[in-house]
Amino acid sequence: MSNDLDRLDTLWIEALKNVRRKISETVFNLWLEPLLPISFEAGVLHLEAPNDFFCGWVRNHYDGLLLEAARDANPAVTGISFSARDREQAENTAEKTAAPAPAPPVENSGRPAEKTRRQARLGARLNPAYTFDSFIIGNCNRLAHAAALSVSQSPGTAYNPLFIYGPVGVGKTHLMQAIGAAGGETDRRQVAYLSCEQFLNEFIISLQNKSTSAFRNCFRELDILLIDDIQFIGRKPETQQEFFHTFNALYNEHKQVILSCDRPPKEIKDIEKRLVSRFEWGIVVDISPPDFETRVAIIKSKAQGKSFLLPDEVSFFLAENLEGNVRVLEGALNKLIACSRLYERREIDLDFTREILGGAFREQQRRTNITVPFIMETVSRYYNVRLAELKGSGRSAPVIIPRQVAAYLARRLTDASLPTLGSFFGGKNHTTILYACRKIEQKLADDVSFREEVAQLEAKIKQDMT
Ligand code: ADP
Ligand code: MG
């Protein structure tokens with residue numbers, strides 16, 4: 001038995017090695033890594049996929065590729081078969097592994113080692129730490145959390161689609177994955193969570209392989225589709241069109257669609273109007289950076305999750321000094337935990353925290369030091385245009401570019417909101433500021449020397465401010 005298992009493992013590892021050379025890492029990690037070899041009998045290698053959706057997908061897209069790779073590893077392979085994981089069996093195994101009772105005999109349990117491995121791999125797609133339980137609710141995310149919870153309890157009926165937007169590191173991915181995890185557990189719903197990039201990749205591959213109808217069918221069989229960071233669909237008209245049809249098909253069948261984005265639907269760059277209007281059909285909720293109290297609660301809960309004793313004064317200190325992005329906060333905590341282990345410190349106090357995280361605080365400080373007027377001044381000197389002209393509405397070319405560059409840099413280097421920026425630029429509307437940023441981003445993409453010019457300016461601003 002164990003020899004058979006070894007043989008199976010070796011075959012699968014070799015096959016994966018072969019296939020890895022032929023496809024992108026994203027595709028490999030997303031679709032092939034989670035597969036599990038179950039048996040190799042009568043020339044057929046049997047693989048197990050996390051769920052039906054996954055199973056259908058790999059069968060339609062990677063069957064030939066996998067067969068070739070397995071055959072290269074062992075010429076005795078004549079075919080590949082796929083099945084979806086039996087959920088109940090997996091749940092039973094989870095209970096058994098959790099219980100302190102002695103391990104069941106090998107014959108009854110199948111292959112315990114394999115099952116543990118399978119669970120570990122399945123978990124790799126959704127982060128198991130991202131649950132509703134571990135999500136801290138504050139004023140910044142209350143509505144988004146409530147909407148997410150109600151969607152997870154009655155998908156396809158409450159709010160469809162659910163569109164969550166907000167800046168980076170405020171918990172959008174966390175909330176989406178919490179919905180995904182809850183949806184997959186109850187009623188055996190078919191759930192797919194993909195980043196926008198993965199959706200794009202899959203679509204491109206299906207175009208290359210002329211398998212767009214298989215692509216369509218797979219998505220349209222879902223109960224819940226979650227796409228993270230949908231802003232990247234901008235400027236990709238074909239993918240937009242495809243997504244539009246997928247969206248309609250799911251929506252008409254009362255299947256739930258959940259999207260996250262770094263901005264509201266209307267502000268996504270170069271996107272079809274009909275998609276924007278679909279995105280706004282259900283509910284659009286935003287998450288803003290957490291306030292002080294929520295930051296403290298998040299740090300405490302993260303520390304607790306890692307069984308790390310964090311004195312209140314340190315939690316307060318971190319929350320006071322690291323604003324905005326929760327990921328930065330979490331990174332600081334992780335560093336603190338790692339260093340405390342390294343130096344074998346049981347007690348973490350303020351001095352130790354300052355010593356370890358000094359750099360992180362300085363970085364944040366630098367960002368908050370840069371002000372909009374300072375950026376405007378530097379830009380006006382650099383291009384030799386008057387400040388009044390930057391604030392004015394003159395449309396001559398020598399003024400327009402510097403004004404747009406100043407708006408772009410102010411947006412990039414400060415935390416000022418769009419309306420605040422508008423007021424610095426002579427009371428302009430926030431859409432004017434957004435338009436300016438967009439124009440500059442376009443020009444940066446197309447024009448190398450302009451890119452250098454703006455990079456130089458940015459470096460100058462940062463340097464002068466520190
Ligand atoms: P986003 O997708 O908005 O960029 P993430 O969901 O990746 O942000 O969140 C970044 C990190 O911050 C994650 O580790 C997440 O668990 C944590 N986080 C953000 N908001 C919260 C919250 N309200 N409660 C608990 N953890 C949070
Ligand atoms: Mg995210």
Side-chain angles (χ1 to χ4, degrees), residues 26 29-30 123-152 161-183 191-201 225-234 257-265 267-268 279 284-308 310 315 318-319 321-338 357 360 364 415:
T26 319
N29 292 341
L30 182 65
R125 298 200 63 228
L126 284 183
N127 185 335
Y130 292 171
T131 60
F132 281 114
D133 281 348
S134 64
F135 191 82
I136 303 289
I137 305 162
N139 286 335
C140 55
N141 58 32
R142 197 175 305 280
L143 185 59
H145 173 267
L149 196 63
S150 100
V151 158
S152 86
L162 167 61
F163 189 100
I164 306 174
Y165 76 91
V168 73
V170 292
K172 302 184 295 295
T173 297
H174 186 137
L175 261 191
M176 289 189 93
Q177 295 209 4
I179 304 174
V191 180
Y193 166 85
L194 286 98
S195 69
C196 187
E197 235 185 320
Q198 285 166 339
F199 183 83
L200 249 155
N201 270 332
L225 172 64
L226 301 119
I227 305 233
D228 212 348
D229 291 318
I230 192 76
Q231 70 269 15
F232 293 119
I233 207 168
V257 178
I258 299 144
L259 305 165
S260 87
C261 191
D262 68 347
R263 61 198 75 191
E267 289 174 16
I268 303 176
F279 291 172
V284 177
V285 288
D286 74 317
I287 306 187
S288 42
D291 53 24
F292 175 75
E293 288 80 3
T294 315
R295 289 200 299 278
V296 172
I298 292 176
I299 299 176
K300 285 190 161 183
S301 118
K302 297 274 176 194
Q304 211 171 17
K306 293 175 197 290
S307 311
F308 186 74
L310 198 67
S315 321
L318 291 179
N321 285 284
L322 297 171
E323 294 174 21
N325 186 335
V326 181
R327 209 171 288 150
V328 174
L329 207 58
E330 215 179 334
L333 177 68
N334 288 343
K335 190 166 173 192
L336 205 57
I337 295 178
L357 299 176
Q364 175 112 6
D415 292 323

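Numbering of ligands and ligand atoms starts at 1, following listing order.
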Gap between atom [atom2] of [Y] and atom [atom1] of [X] - 0.5 Å precision:
| X | Y | atom1 | atom2 | result |
| --- | --- | --- | --- | --- |
| K302 | L333 | NZ | CG | 9.5 Å |
| Q177 | I258 | CD | CD1 | 11.5 Å |
| L200 | F232 | CG | CZ | 10.0 Å |

(message) Do F199 and I230 have side chains that approach each other closer than 4.5 Å (heavy atoms only, starting at C-beta)?
(response)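 Result no, sub-4.5 Å side-chain heavy-atom pair not found.
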
(request) For the pair H145 and F132, name the ring-plane relationship: parallel under 30°, tilted 30 to 60°, perpendicular over 60°. (result) perpendicular

(message) Parallel, tilted or perpendicular, judged at 30° and 60°: which one describes the rings of Y130 and H174?
(response)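 Rings of Y130 and H174: parallel, as their planes differ by under 30°.
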
(request) Can you figure out which of K302, E330, R327 has its heavy atom closest to atom 5 (P) of ligand 1? (result) R327

(request) Return the option from Q177, R295, M176, H174 holding the heavy atom at the smallest distance from atom 15 (C) of ligand 1. (result) H174

Among all protein heavy atoms, pick out the one at the shortest distance from [atom]; state its residue, atom name and that distance to 0.1 Å.
| atom | answer |
| --- | --- |
| atom 20 (N) of ligand 1 | V170 O, 3.3 Å |
| atom 12 (O) of ligand 1 | V326 CG1, 3.2 Å |
| atom 8 (O) of ligand 1 | G171 N, 3.1 Å |
| atom 4 (O) of ligand 1 | G169 N, 2.6 Å |

(request) Take every heavy atom of S134, measure it against each atom of ligand 1, and state whether any distance is under 4.0 Å. (result) yes

(request) Establish, from distance only, whether the side-chain atoms of D228 and S260 form a donor-acceptor pair under 3.5 Å. (result) yes

(message) Considering both backbone and side-chain atoms of I136, is one of its nitrogen or oxygen atoms within less than 3.5 Å of a nitrogen or oxygen in ligand 1?
(response)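 I136 vs ligand 1: N/O contact under 3.5 Å present.
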
(message) Just checking: M176, one of its N/O/S atoms, less than 2.8 Å away from the Mg ion (ligand 2), yes or no?
(response) no

(message) So if I count the atoms of ligand 1 from 1 in the order they appear, which ones are less than 4.0 Å from some heavy atom of V168?
(response)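 Near V168, meaning under 4.0 Å from one of its heavy atoms, ligand 1 has 4 (O).
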
(message) I179 vs L162, test: side chain to side chain contact (heavy atoms under 4.5 Å, CB included). Steps then yes/no.
(response) CA-CA 11 Å; I179 304 174; L162 167 61; 3.9 Å; yes

(request) Indicate, as side chain, backbone, both or neither, the part of T173 found under 4.0 angstrom from ligand 1 when only non-hydrogen atoms are considered. (result)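 Both the backbone and the side chain of T173 come within reach of ligand 1.
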
(request) Record the part of N141 in heavy-atom contact with ligand 1 below 4.0 Å; permitted values are side chain, backbone, both and neither. (result) side chain

